[in-house]
Visitor: 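Quick one: the structure is below, questions incoming.
Here the structure is a predicted model, which means the values were calculated and not measured.
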Amino acid sequence: MEKLNRLGWAEGLTTVAFGFRIGIRTNAPEFLPDLLERFPPGWRASKSQNAQWLYSLFSRPSRANPDKVFHQLHTGPDLLTRGTDFPRIRDAFGTDLQVTLALGSPWRYFIHAGAVGWKGRTIILPGDAGTGKTRLTMALLQAGAALFSDEFAVLDRAGRVHPYPLPLRVKREGDLGSERIDAESIGGAPADRPLPLGLLLSTRFDPEGPGRLTKLSPGRAALEIMAHAVQARVRPNRVMEAAGRATRGALALKGRRGEAEEMVDRVLSLW
């Protein structure tokens with residue numbers, strides 16, 4: 001870290017989001033606005049310069065091709081990524097930033113889940129990559145639900161779900177990349193206030209067709225949230241308390257499902 005600190009830094013900023021202070025510095029200020037766009041809505045500049053985590057972007061002309069800029073991005077003391085493709089560098093920053101916030105926030109608990117708002121309550125769709133949660137989130141938005149997130153359901157200590165409406169990340173057909181899609185472009189709208197949980201729907205897409213959805217007790221529903229909580233190992237008691245409050249009075253279903261569009265009417269008709 002000492003070697004990194006000795007590089008020539010032209011501009012820096014300490015931000016705060018979800019109660020966690022993150023610093024970002026660069027020797028090329030023209031790239032800073034693009035990185036700041038990857039912060040979640042609601043972030044602000046911090047009056048304190050004492051960052052709890054620090055990102056460093058060092059940019060210079062490429063030795064192989066002086067017409068291009070070579071970037072090195074560090075997360076803390078460690079090299080995160082490098083290269084001349086700045087959009088890829090920016091996306092790597094955005095992904096790492098989300099995980100850093102999810103681990104570091106002292107009073108918000110991040111659950112790997114899609115989340116939408118519907119008639120004053122939220123529907124959260126816990127699941128890892130490949131379970132189809134983004135496609136189901138998109139289908140619910142197209143039916144009129146409000147976007148909380150396609151990546152994280154963010155709980156507070158009372159168990160309410162807070163908006164985290166970054167653009168959806170949709171996998172492109174035929175390659176390993178993804179594209180960012182705004183909710184408005186598919187007929188949805190971002191949520192603007194926290195809401196209680198109405199439905200926890202833990203499903204996995206099955207191309208052979210849906211199975212029977214099993215109703216979970218509040219206790220099992222809370223454990224389902226814990227299984228997808230980023231802070232489950234670092235703040236297990238707090239996360240479990242928030243999960244218990246969230247699932248109290250909510251419906252929870254688990255099982256296999258078919259195409260996302262086939263689930264929408266069934267899900268939205270539950271209340």
Visitor: First locate atom CH2 of Trp107, then atom CZ of Phe20, and finally report the distance between them rounded to the nearest 0.5 Å.
Guide: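 Answer for the CH2-CZ pair, Trp107 versus Phe20, is 12.5 Å.
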Visitor: Using modelled atom types only, decide if a donor and an acceptor are shared between the side chain of Gln52 and the backbone of Arg21 within a distance under 3.5 Å.
Guide: yes
Visitor: Can you tell which of Phe110, Tyr109, Phe39 makes a ring-ring contact (aromatic ring centres under 6.0 Å, His included) with Tyr164?
Guide: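 Of the listed residues Phe110, Tyr109, Phe39, the ring-ring contact (aromatic ring centres under 6.0 Å, His included) partner of Tyr164 is Phe110.
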Visitor: Taking atom types as modelled, find out whether Thr81 and Arg88 have a side-chain donor-acceptor pair closer than 3.5 angstrom.
Guide: yes
Visitor: Would you say the side-chain atoms of Thr100 pair up with the backbone N or O of Asp96, donor to acceptor, closer than 3.5 Å?
Guide: yes
Visitor: Restricting to non-hydrogen atoms, name the atom on Ala246 and the atom on Gly159 that form the minimum distance, rounded to 0.1 Å.
Guide: CB-O, 3.3 Å
Visitor: Would you mind reporting whether Leu199 and Leu270 have side-chain heavy atoms less than 4.5 Å apart?
Guide: yes
Visitor: Which atom names give the shortest non-hydrogen contact between Ser105 and Gln231, and what distance separates them?
Guide: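 Closest pair (atom of Ser105, atom of Gln231, distance): O-NE2, 2.9 Å.
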Visitor: Could you tell me which non-hydrogen atom of Pro218 sits nearest to which non-hydrogen atom of Thr247, and how far apart they are?
Guide: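 Closest approach of Pro218 to Thr247, heavy atoms only: O-OG1, 3.3 Å.
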Visitor: For residues Glu11 and Asn27, determine if any side-chain heavy atom of one lies less than 4.5 Å from a side-chain heavy atom of the other.
Guide: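 No, every pair of side-chain atoms sits at 4.5 Å or beyond.
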Visitor: Please check if the side chain of Thr84 supplies one atom and the backbone of Phe70 the other of a donor-acceptor pair under 3.5 Å.
Guide: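 It does not hold such a pair.
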Visitor: Please check if atom CZ in Arg235 has more than 12 non-hydrogen atoms from other residues, nucleotides or ligands closer than 6.0 Å.
Guide: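 Yes.
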Visitor: Okay, side chain of Thr75, backbone of Asp78: is any donor-acceptor separation there less than 3.5 Å?
Guide: no
Visitor: With the 4.5 Å side-chain cut-off for hydrophobic clustering, are Phe205 and Leu200 part of the same group?
Guide: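 In one cluster: no.
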Visitor: Could you give me the CA-CA distance, side-chain angles and deciding distance for Arg25 and Leu13, then say whether side-chain contact (heavy atoms from CB on, under 4.5 Å) is met?
Guide: CA-CA 6 Å; Arg25 61 185 177 179; Leu13 177 69; over 6 Å; no
Visitor: Test Trp43 against every option in Leu36, Leu101, Val16 by the side chain to side chain contact (heavy atoms under 4.5 Å, CB included) rule and name the one that passes.
Guide: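 Single pass found, and it is Leu36.
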Visitor: Count I, L, V, M, F, W, Y as connected when their side-chain heavy atoms are under 4.5 Å apart, and connections chain through other members. Are Tyr55 and Leu103 then in the same cluster?
Guide: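 Yes.
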Visitor: Could you tabulate the donor-acceptor pairs under 3.5 Å formed by side-chain atoms of residues 114-127, not counting sequence neighbours?
Guide:
unit_1: Trp118; atom_1: NE1; unit_2: Leu268; atom_2: O; d: 3.2
unit_1: Thr122; atom_1: OG1; unit_2: Pro196; atom_2: O; d: 3.2

Visitor: To the nearest 0.5 Å, how far apart are CG in Asn237 and CE in Met240?
Guide: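 Answer for the CG-CE pair, Asn237 versus Met240, is 10.0 Å.
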Visitor: For His162 and Arg108: C-alpha separation, side-chain torsions, deciding distance, then whether side-chain contact (heavy atoms from CB on, under 4.5 Å) applies.
Guide: CA-CA 9 Å; His162 285 250; Arg108 293 287 184 267; 3.3 Å; yes
Visitor: Without swapping roles, check the side chain of Thr26 against the backbone of Pro29 for a donor-acceptor pair under 3.5 Å.
Guide: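 Side chain of Thr26 to backbone of Pro29: no pair is present.
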Visitor: Is there a side-chain contact between Ser62 and Val69, using heavy atoms and a 4.5 Å cut-off?
Guide: no
Visitor: Let me confirm one number: the CG-CG distance from Leu223 to Leu216, rounded to the nearest 0.5 Å.
Guide: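 Reported to 0.5 Å precision, the distance equals 9.5 Å.
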Visitor: Should Val161 and Leu195 be marked as a side-chain contact (heavy atoms from CB on, under 4.5 Å) after you check the CA-CA gap, both sets of side-chain angles, and the distance that decides it?
Guide: CA-CA 5 Å; Val161 184; Leu195 293 174; 5.8 Å; no
Visitor: Rounded to the nearest 0.5 Å, what separation is found between the CG atom of Leu79 and the CG atom of Leu73?
Guide: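 The CG atom of Leu79 sits 7.5 Å away from the CG atom of Leu73.
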Visitor: What's the separation between atom CZ in Phe93 and atom CG in Leu35, rounded to the nearest 0.5 Å?
Guide: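 Those atoms lie 5.0 Å apart.
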Visitor: Is there side-chain contact between Leu57 and His71, with heavy atoms separated by less than 4.5 Å?
Guide: yes
Visitor: Report yes or no: does Thr95 contribute a side-chain atom to a donor-acceptor pair with the main-chain N or O of Ala92 at less than 3.5 Å?
Guide: no
Visitor: Using every non-hydrogen atom in the two residues, find where Gly19 and Pro106 come nearest and quote the distance to one decimal.
Guide: O-CD, 3.6 Å
Visitor: Whether the side chain of Arg60 engages the backbone of Gln72 through a donor-acceptor N/O pair (distance < 3.5 Å, no angle test) should be reported.
Guide: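 Looks like no, no N/O pair under 3.5 Å.
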Visitor: Can you find a pair of side-chain heavy atoms, one from Thr203 and one from Leu136, that are under 4.5 Å apart?
Guide: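 Sidechains of Leu136 and Thr203: in contact.
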Visitor: Testing the basics here: between Pro163 and Pro194, what is the closest heavy-atom pair and its distance to 0.1 Å?
Guide: CD-N, 3.9 Å
Visitor: Counting C-beta onward and ignoring hydrogens, is there a side-chain heavy-atom pair between Phe18 and Pro40 closer than 4.5 Å?
Guide: yes
Visitor: Can you measure from NE2 (His74) to CZ (Arg82) and round to the nearest 0.5 angstrom?
Guide: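 Going from the NE2 atom of His74 to the CZ atom of Arg82 covers 9.0 Å.
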Visitor: Quick check: do Ile181 and Ile186 have side-chain heavy atoms less than 4.5 Å from each other?
Guide: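 Yes; the side chains approach each other to less than 4.5 Å.
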Visitor: Checking the side chain of Arg38 only, and the main-chain atoms of Leu97 only, is there a donor and an acceptor separated by less than 3.5 Å?
Guide: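 Side chain of Arg38 to backbone of Leu97: no pair is present.
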Visitor: Hey, are the side chains of Leu80 and Ile89 touching, using non-hydrogen atoms and a 4.5 Å cut-off?
Guide: no
Visitor: Check whether Asp182 reaches the backbone of Glu184 with its side chain - one donor and one acceptor, N or O, closer than 3.5 Å.
Guide: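 Between the backbone of Glu184 and the side chain of Asp182 there is no qualifying donor-acceptor contact (under 3.5 Å).
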Visitor: Run the side-chain contact (heavy atoms from CB on, under 4.5 Å) check on Arg160 and Leu197 step by step: do they pass?
Guide: CA-CA 6 Å; Arg160 298 180 304 168; Leu197 179 63; over 6 Å; no
Visitor: Linking I/L/V/M/F/W/Y whenever any side-chain heavy atoms sit under 4.5 Å apart, do Val230 and Val239 land together?
Guide: no
Visitor: Which one of Arg257, Met263, Glu262 satisfies the side chain to side chain contact (heavy atoms under 4.5 Å, CB included) criterion with Glu259?
Guide: Glu262
Visitor: For Ser202, run the side-chain hydrogen bond (donor to acceptor under 3.5 Å, both in side chains) check against His228, Glu224, Lys254 and tell me which one passes.
Guide: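 So, applying the side-chain hydrogen bond (donor to acceptor under 3.5 Å, both in side chains) to Ser202 and each of His228, Glu224, Lys254, only Glu224 qualifies.
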Visitor: Run the side-chain donor-acceptor check on residues 137-153: report pairs under 3.5 Å with partners two or more places apart or on a different chain.
Guide:
unit_1: Thr137; atom_1: OG1; unit_2: Lys133; atom_2: O; d: 2.7
unit_1: Ser149; atom_1: OG; unit_2: Glu151; atom_2: N; d: 2.9
unit_1: Ser149; atom_1: OG; unit_2: Phe152; atom_2: N; d: 2.9
unit_1: Ser149; atom_1: OG; unit_2: Phe152; atom_2: O; d: 3.0
unit_1: Asp150; atom_1: OD2; unit_2: Thr134; atom_2: OG1; d: 3.2
unit_1: Asp150; atom_1: OD2; unit_2: Arg169; atom_2: N; d: 3.2

Visitor: Return the set of residues passing salt bridge (Lys or Arg N to Asp or Glu O under 4.0 Å) with Arg90 (not counting sequence neighbours), or none when no residue passes.
Guide: none
